[in-house]
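Structure record follows, encoded as structure tokens.
Every chain is numbered from 1 and lettered A, B, ... according to where its sequence line falls, protein lines coming before strand lines.
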Amino acid sequence: MVIGKLRLGFSEKTIFDALSQMTSGGKSLRKELDNTFQIYPDPGYITQVVKERGMAGLKNVRVKTGVPVVPALCQRLNNYREIVDKMGEAAVERKYDGTRVQIHFNRLKNEIRTYTRNLEESSPMFPELFQMNKWIMGDEVILDCEAVGYDKKTGKVLPFQITITRKRKHGVAETAKSIPLRFFVFDILSLNGRSLIEEPYFERRKFLTKVVKKNETIVPDEYFKTDDPVEVQKLHDKFLKEGFEGAVIKMWNGEYLPGRQGWNWVKIKEAEGASGKLSDTLDLVILGYNLGKGKRAGFGMGAFLVGLRRGESWVSIAKVGTGLTDEEFKGLKIKLDKSKTKEKPKDYLVSGSLVPDVWVEPLVVVEIAADEITKSPNHAGGIALRFPRLIKFREDKGPKDATTWKEVEEIAKLSLN
DNA sequence: CGTGTCTGCCCC
DNA sequence: ATTCTGC
DNA sequence: GCAGAATGGGCAGACACG
């Protein structure tokens with residue numbers, strides 16, 4: 001099936017608005033179009049159905065294996081009480097740092113297909129699913145899960161960088177052997193032709209338990225029911241200690257809603273109130289900046305390179321392009337241009353792909369938050385920050401007061417549990 | 001044949 | 001992924 | 001509150017170059 005470029009993003013909204021108007025419908029019509037899009041995300045097809053059979057035709061569009069469902073996503077919120085206040089009763093699940101997989105199983109057609117979070121078909125990536133027929137109690141099933149690499153000896157999950165090596169065109173079988181994946185199933189979207197997306201969470205979970213038989217490769221994900229913020233916090237701490245990315249909290253009665261809607265699904269990774277999953281923020285020095293595109297080109301900076309002192313050199317460990325307001329970008333450019341250098345300063349160690357458009361003297365200190373310190377093939381320091389963002393400018397600090405290499409190594413050790 | 005660089009309706 | 005911004 | 005548009009690290013692949 002060809003899903004056109006209009007699939008996600010820019011104009012299905014416009015198209016559906018036009019379609020609603022054309023068919024003299026109002027808001028309810030628009031809602032019906034959106035609901036259909038969730039189970040058949042192809043605006044071209046939907047337009048055709050409406051054209052040929054009118055809005056009534058939409059009722060005949062059903063969930064089916066081989067057509068991806070627009071996946072539900074998590075809102076972010078790092079306050080336990082607020083989460084519970086917004087949801088009431090909720091389920092708490094582990095957050096896995098892997099890759100999202102929507103599994104479509106059709107016994108009669110002998111078909112097993114998978115889709116990514118962006119509705120990309122990914123079937124060739126997961127040869128281990130070919131035995132689904134033994135593991136699934138049903139003939140036509142759509143499952144939602146997270147696939148994570150795991151260590152066969154210890155059973156522990158592996159870092160994202162290892163899991164994602166599976167995203168390849170060649171050598172999939174070899175990689176599957178050396179880095180097996182485990183599929184943690186947390187939802188079921190359809191069963192034998194019947195859509196379950198409008199069923200409440202706890203009902204879907206009942207179906208899931210009946211349908212998925214646990215084994216080495218596929219596991220019905222564990223969940224904990226609660227309406228107590230303290231309990232949520234305890235579970236979150238437990239998950240972090242176990243080495244998982246955090247917790248996902250879902251409304252107990254919630255439907256399976258596409259995208260981020262309301263407070264149906266919420267994720268929490270960091271300690272309550274913290275700005276990133278990494279235990280500490282880092283005070284780093286700006287080494288240069290890039291000119292930026294689109295709106296950012298207007299104020300002459302899109303991102304800046306940060307690093308710290310290691311021995312006699314300055315080494316980069318991240319680029320930062322978020323966390324600043326437009327005004328802050330403008331102000332920072334003016335400030336940095338005062339210490340622009342024509343050439344790369346001699347004591348800078350920065351590898352090719354990260355070389356900025358403009359080099360600056362190592363003077364400006366910024367506080368940076370991140371989720372993780374990872375080994376890096378790109379940054380000269382050999383490590384990098386995952387999801388770096390600016391917290392604030394440290395005008396009170398000079399380059400000598402910046403975080404030291406030793407401190408970073410300590411934090412890195414801690415973050416590897 | 002290796003190495004470097006760049007790209008992806010990429011994954012996060 | 002995170003974050004900011006205009007609506 | 002929501003969608004859109006900026007931006008991050010890093011993987012395999014494709015391609016250029018020597």
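The nearest whole Å value for the distance from the CD atom in A:Glu146 to the C1' atom in B:dC12 is 9 Å. When the C1' atom of B:dC9 is taken as reference, atom CZ of A:Arg117 falls 14 Å away, rounded to whole Å.
By the side-chain contact (heavy atoms from CB on, under 4.5 Å) test, A:Pro159 pairs with A:Ile162, sequence neighbours left out. Checked against side-chain contact (heavy atoms from CB on, under 4.5 Å), A:Gln48 has the following partners two or more places apart in sequence or in another chain: A:Glu52. With sequence neighbours left out, the ring pair (Phe, Tyr, Trp, His ring centres under 6.0 Å) criterion links A:Phe202 to A:Trp252. Partners of A:Ser316 according to the side-chain contact (heavy atoms from CB on, under 4.5 Å) rule, which considers only residues two or more places apart in sequence or in another chain, are A:Leu287, A:Leu305, A:Val350, A:Leu354, A:His379.
Relative to the side chain of A:Gln161, the nucleotides C:dA1, D:dC11, D:dG1 differ in distance, and D:dC11 lies closest. Picking from D:dG10, C:dA1, D:dA6 the nucleotide with the shortest atom distance to the side chain of A:Arg296 gives D:dA6. Nearest to the side-chain atoms of A:Thr165 among the listed nucleotides D:dT7, D:dC11, B:dC12 stands D:dC11.
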Checklist entry - How does each nucleotide of nucleotides 1-7 of chain B score, in 5' to 3' order, for protein heavy atoms under 4.0 Å: base (B), sugar-phosphate only (S), or none (-)? => result -------
Checklist entry - Once each nucleotide of nucleotides 13-18 of chain D is scored for protein heavy atoms under 4.0 Å, what B/S/- sequence comes out, 5' to 3'? => result SS----
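DNA chain D is contacted by both A:Lys319 and A:Arg166; A:Lys319 maps to the nucleotide lying nearer its 5′ end (nearest heavy atom per residue). Each of A:Ile383 and A:Gln261 has a nearest nucleotide on DNA chain D; the 5'-most of these lies closest to A:Gln261.
The six-membered or imidazole ring of A:Tyr256 lies away from that of A:Tyr201, with a centre-to-centre distance of 6.0 Å or more.
Separation of the C1' atoms belonging to D:dG4 and B:dC9 is 16 Å when rounded to the nearest angstrom. The C1' atoms of C:dA1 and B:dG8 are separated by 16 Å, rounded to the nearest whole Å.
A heavy atom closer than 4.0 Å to some atom of DNA chain D occurs in A:Gly302, A:Ala303, these being the qualifying members of residues 299-306 of chain A. At a non-hydrogen distance threshold of 4.0 Å, A:Lys267, A:Lys269 from residues 265-287 of chain A come into contact with DNA chain C.
Residue pairs meeting the salt bridge (Lys or Arg N to Asp or Glu O under 4.0 Å) criterion with at least one partner in residues 245-254 of chain A, sequence neighbours excluded, are A:Glu93-A:Lys250, A:Lys95-A:Glu245, A:Glu245-A:Lys269. Annotation: salt bridge (Lys or Arg N to Asp or Glu O under 4.0 Å) contacts involving residues 315-332 of chain A, sequence neighbours excluded, comprise A:Lys295-A:Asp326, A:Glu327-A:Lys330.
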Close N/O contacts between protein and nucleotides 4-7 of chain C (under 3.5 Å):
unit_1, atom_1, unit_2, atom_2, d
C:dC4, OP1, A:Gly323, O, 3.3
C:dT5, OP1, A:Asp326, N, 3.1

Checklist entry - If you write DNA chain D from 5' to 3' in dot-bracket form, with Watson-Crick or G-U pairs under 3.5 Å, [ ] for crossing pairs and | for pairs with another strand, what do you get? => result ||||||||||||||||||
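Nucleic acid contact for A:Gln75: sugar-phosphate only, since backbone atoms but no base atoms lie under 4.0 Å from a heavy atom of the residue. Using a 4.0 Å heavy-atom cutoff across all strands shown, A:Gly292 reaches sugar-phosphate atoms only and no base atom.
The environment of NZ in A:Lys397 is crowded: more than 12 heavy-atom neighbours from other residues, nucleotides or ligands sit within 6.0 Å.
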